[in-house]
Amino acid sequence: MPYPQINTDQLKVYPLTQRKSKSKIHDIVIDPESKPQPVPACEPIITETAKRILKAKESGASIMLAYGAHLVKNGAAPLMIKLMEKGWLTHVATQGAGTIHDWEFSYLGRSEEDVRANVATGTFGTWEETGKYINLAVQIGATKGMGYGESLGAFIHNDGMNVPTVDELKTTILNGLEQEKPDITAHVELLETIKKFNIPPGPLAITHKYKEFSILRNAFQYKVAATIHPGIGYDIIYNNPYANGAALGRGSHTDFKIFVKAVSNLTNGVFMSVGSAIMAPQVFEKALSYANNILLQSDQIVKNHYILVDDLQESVWDWTKGEPPKTSPDYYLRFLKSFNRMGGEIRYISADNRTLLHNLYWKLKEMTGVN
């Protein structure tokens with residue numbers, strides 16, 4: 001027999017406008033054209049990284065950047081957007097929290113709540129619009145074959161989405177069953193959501209006043225793949241009646257396959273992990289193995305790739321001597337250990353993500369003469 005489950009219909013959600021937010025977008029965003037704070041200790045690695053990015057762009061190799069949610073909360077989105085605009089990034093990746101702050105900033109202009117206070121009152125994460133629209137965007141996007149990142153980026157860019165009719169979905173489902181198409185489950189899940197919440201068909205207009213600051217929206221606009229790699233129950237969008245683990249799983253699995261495809265083009269390319277201590281190394285190591293598995297069937301392999309890892313943790317161990325023993329705390333730092341097992345050339349910087357990206361952007365401008 002199945003174990004008892006909570007009834008999601010009992011969950012009470014609240015308007016997002018009622019929430020006290022800790023960060024306002026105009027208070028945190030960094031002007032990319034302002035002069036960055038110098039970091040002499042990191043200058044050689046930043047210069048090396050910029051050179052590798054330009055070589056990768058010239059050769060058509062992937063230039064990937066995986067980031068944690070703090071990059072968004074730190075106001076570094078405009079730096080990411082500039083890197084995408086100039087063609088210095090071909091792929092961006094984050095976890096669920098990175099999308100939540102991205103969407104809330106673009107929709108409301110503020111984000112981040114007091115976790116301690118709101119857990120005590122049962123209100124942490126129970127914000128109607130955040131959970132409703134992110135979940136719905138991913139569900140609708142899935143019916144078009146889009147992953148989590150592209151679905152949400154399109155939703156923000158287009159200031160809404162189009163809700164199909166019940167009859168349209170039923171027709172698609174029935175035709176799919178007759179033709180034995182495997183992709184109709186996304187339509188089934190969306191049909192269930194539309195009927196459960198009585199969502200009217202047609203355009204669902206949701207204005208995003210601050211979408212200029214959205215990484216996902218700009219990735220969609222500049223045709224840069226944006227992939228999302230969440231965990232079920234990790235994010236506040238699960239504290240919402242619209243949450244659908246199957247739909248979110250489908251969207252993130254689509255994104256993982258997009259991620260693997262990008263990794264398979266990483267020969268002579270660049271992969272950067274910025275403030276992502278768990279997601280980036282964990283997803284990257286599986287993706288690299290996946291890519292090599294397919295490439296090796298044609299006597300190829302990902303090689304000559306360059307990895308830059310940025311985090312705030314000071315590394316005590318000298319990784320040029322190999323892995324530390326299990327008695328060393330450094331052994332358990334995934335963003336050091338996992339990436340050091342991935343071949344290629346690896347560099348580690350202990351720096352604020354804003355400072356790193358700001359200086360990297362300026363270094364690339366300096367090398368190319370781009371304004």
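Side-chain atoms are counted along with the backbone in the values below, which use heavy atoms only and exclude waters and symmetry mates. Here the structure is a predicted model, which means the values were calculated and not measured.
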| message | So for atom NZ, which belongs to Lys22, do other residues, nucleotides or ligands contribute more than 12 heavy atoms lying within a distance under 6.0 Å? | response | yes
| query | Where the side chain of Asn265 meets the backbone of Gly60, is there a donor-acceptor pair that is under 3.5 Å apart? | reply | yes
| query | Any side-chain heavy-atom pair from Phe259 and Met64 closer than 4.5 angstrom? | reply | yes
| Checking Trp88 side chain against Lys57 main chain: does a donor-acceptor pair fall under 3.5 Å? | no
| said: Using a strict threshold of under 4.0 Å (side-chain N to carboxylate O), is an ion pair present between Glu58 and Lys55? | reply: no
| field | Pairwise side-chain contact, Met272 with Tyr67, heavy-atom cut-off 4.5 Å (strictly under) | value | no
| message | For the residue pair Thr126 / Asn239, report whether a side-chain donor-acceptor contact shorter than 3.5 Å exists. | response | no
| query | Is the backbone of Gln37 close enough, under 3.5 Å, to the side chain of Asn359 for a donor and an acceptor to pair up by distance? | reply | yes
| request: Give a yes/no verdict on a cation-pi contact between Lys209 and Tyr107, requiring under 6.0 Å between NZ or CZ and the six-membered ring centre and an angle within 45° of the axis. | output: no
| Exam field: side chain Ser106 to backbone Ser214, donor-acceptor pair closer than 3.5 Å | no
| said: Strictly below 4.0 Å, N to O, side chains only: are Lys20 and Glu113 in salt-bridge contact? | reply: no
| query | Have His187 and Thr143 got a donor and an acceptor in their side chains that come within less than 3.5 Å? | reply | no
| Quick one: are Gln297 and Asn293 in side-chain contact, heavy atoms under 4.5 Å? | yes
| task | Could you give me the CA-CA distance, side-chain angles and deciding distance for Lys132 and Glu129, then say whether salt bridge (Lys or Arg N to Asp or Glu O under 4.0 Å) is met? | result | CA-CA 5 Å; Lys132 175 180 178 178; Glu129 294 86 350; over 6 Å; no
| message | With no hydrogens and no angle check, just 3.5 Å: does a side-chain donor-acceptor pair link Asn353 and Asn74? | response | yes
| Where do Ala76 and Arg354 come nearest, in terms of heavy atoms and distance? | CB-CG, 4.2 Å
| Hey, mind stepping through Asp9 and Lys196 against salt bridge (Lys or Arg N to Asp or Glu O under 4.0 Å) and telling me if it holds? | CA-CA 11 Å; Asp9 292 335; Lys196 179 179 180 179; 3.5 Å; yes
| query | Does a side-chain heavy-atom distance below 4.5 Å link His26 with Phe213? | reply | yes
| task | Evaluate the ring planes of Trp103 and Tyr133, with Trp represented by its six-membered ring, and classify them as parallel (under 30°), tilted (30 to 60°) or perpendicular (over 60°). | result | tilted
| Glu285/Arg334 under side-chain contact (heavy atoms from CB on, under 4.5 Å): CA gap, chis, key distance, verdict | CA-CA 11 Å; Glu285 65 182 11; Arg334 277 287 172 191; 4.2 Å; yes
| task | Taking Ser276 for its side chain and Ala66 for its backbone only, find out whether a donor-acceptor pair lies under 3.5 Å. | result | no
| Shortest non-hydrogen contact between Phe335 and Ala277, atoms and distance | CD2-CB, 3.5 Å
| request: Apply the side-chain contact (heavy atoms from CB on, under 4.5 Å) test between Val72 and each candidate in Ile28, Leu216, Ile215; give the one that qualifies. | output: Ile215
| Got a sec: does the OH of Tyr234 have more than 12 other heavy atoms crowding it under 6.0 Å? | no
| request: Return yes if some donor-acceptor pair links the side-chain N/O of Glu48 with the main-chain N/O of Lys51 below 3.5 Å, else return no. | output: no
| query | Within the side chain of Asn158, is there an N or O that forms a donor-acceptor pair under 3.5 Å with the backbone of Met161? | reply | no
| request: Answer yes or no: is there an ion pair linking Glu150 with Lys144, defined by an N-O contact shorter than 4.0 Å? | output: no
| field | side-chain contact (heavy atoms from CB on, under 4.5 Å) partner of Leu65, the single match among Leu360, Leu357, Val270 | value | Leu357
| request: For the residue pair Thr49 and Arg52, establish whether any side-chain heavy-atom pair is separated by less than 4.5 Å. | output: no
| request: Test side-chain contact (heavy atoms from CB on, under 4.5 Å) on Phe256 and Tyr290 and set out the steps. | output: CA-CA 11 Å; Phe256 177 66; Tyr290 199 141; 3.8 Å; yes
| query | If you measure only the distance, is there a donor-acceptor pair under 3.5 Å linking the side chains of Ser252 and His229? | reply | no
| Candidate pair Thr47 and Glu43, rule side-chain hydrogen bond (donor to acceptor under 3.5 Å, both in side chains), full reasoning | CA-CA 6 Å; Thr47 299; Glu43 173 67 22; 3.0 Å; yes
| Is there a donor in the side chain of Gln139 and an acceptor in the side chain of Thr193, or the other way round, less than 3.5 Å apart? | yes
| Heavy-atom count around Lys86 NZ within 6.0 Å, excluding the residue itself: above 12? | yes
| task | For the residue pair Pro281 and Lys286, establish whether any side-chain heavy-atom pair is separated by less than 4.5 Å. | result | no
| Donor-acceptor under 3.5 Å (Lys303 side chain, Thr267 main chain) | no
| query | Has the side chain of Asp235 got a donor or acceptor atom that lies under 3.5 Å from a matching backbone atom of Ile237? | reply | no
| Between Asp310 and Arg347, is there a side-chain N and carboxylate O pair less than 4.0 Å apart? | no
| field | Nearest non-hydrogen partners of Pro15 and Trp127, listed with the distance | value | O-CE3, 3.7 Å
| Lys363 bridged to Glu366 by N-O distance under 4.0 Å | yes
| said: Walk me through whether Phe271 and His91 qualify under ring pair (Phe, Tyr, Trp, His ring centres under 6.0 Å). | reply: CA-CA 9 Å; Phe271 185 88; His91 189 115; 8.6 Å; no
| request: Indicate whether the side chain of Thr130 and that of Glu104 have a donor and an acceptor atom separated by less than 3.5 Å. | output: yes
| query | Is there a donor-acceptor pair closer than 3.5 Å between any side-chain N or O of Thr90 and the backbone N or O of Ile63? | reply | yes
| Are side-chain N/O atoms of Arg250 and Thr185 paired as donor and acceptor at under 3.5 Å? | yes
| said: Is there a side-chain contact between Leu136 and Leu190 in this structure, where contact means two heavy atoms from C-beta onward sitting under 4.5 Å apart? | reply: yes
| message | I'd like to know if Lys365 and Glu33 make a salt bridge, using a cut-off of under 4.0 Å between side-chain N and carboxylate O. | response | yes
| message | Please determine whether the number of non-hydrogen atoms from other residues, nucleotides or ligands lying under 6.0 Å from atom NZ of Lys337 exceeds 12. | response | yes
| request: Apply side-chain contact (heavy atoms from CB on, under 4.5 Å) to the pair Leu152 and Ile228, showing each step before the final yes or no. | output: CA-CA 10 Å; Leu152 192 51; Ile228 315 305; over 6 Å; no
| request: Inspect the surroundings of NE2 in His157 and state if more than 12 heavy atoms from other residues, nucleotides or ligands are less than 6.0 Å away. | output: yes
| said: I want to check something: taking the side chain as every heavy atom from C-beta on, are Phe284 and Met342 in contact at a cut-off of under 4.5 Å? | reply: yes
| Contact summary for Leu248 and Tyr148, nearest pair of heavy atoms | CD2-CE1, 4.0 Å
| task | Could you check Ser23 against Glu112 for side-chain hydrogen bond (donor to acceptor under 3.5 Å, both in side chains), going step by step and ending with a plain yes or no? | result | CA-CA 6 Å; Ser23 302; Glu112 195 177 6; 2.8 Å; yes
| query | Do Glu168 and Thr172 get their side chains close enough for a donor-acceptor pair, meaning under 3.5 Å? | reply | no
| said: Would a single hydrophobic cluster contain both Trp362 and Val370, if residues Ile, Leu, Val, Met, Phe, Trp and Tyr are joined by side-chain heavy-atom contacts under 4.5 Å? | reply: yes
| Where is the tightest heavy-atom contact between Gly131 and Asn240, given as atom of each residue plus distance? | CA-ND2, 3.5 Å
| task | State whether Lys211 and Asp159 are salt-bridged, where the test is any N-O pair (Lys NZ or Arg NE/NH1/NH2 against Asp/Glu carboxylate O) under 4.0 Å. | result | yes
| said: Give me the atom names and distance for the closest heavy-atom approach of Ala56 to Gly269. | reply: CB-CA, 3.9 Å
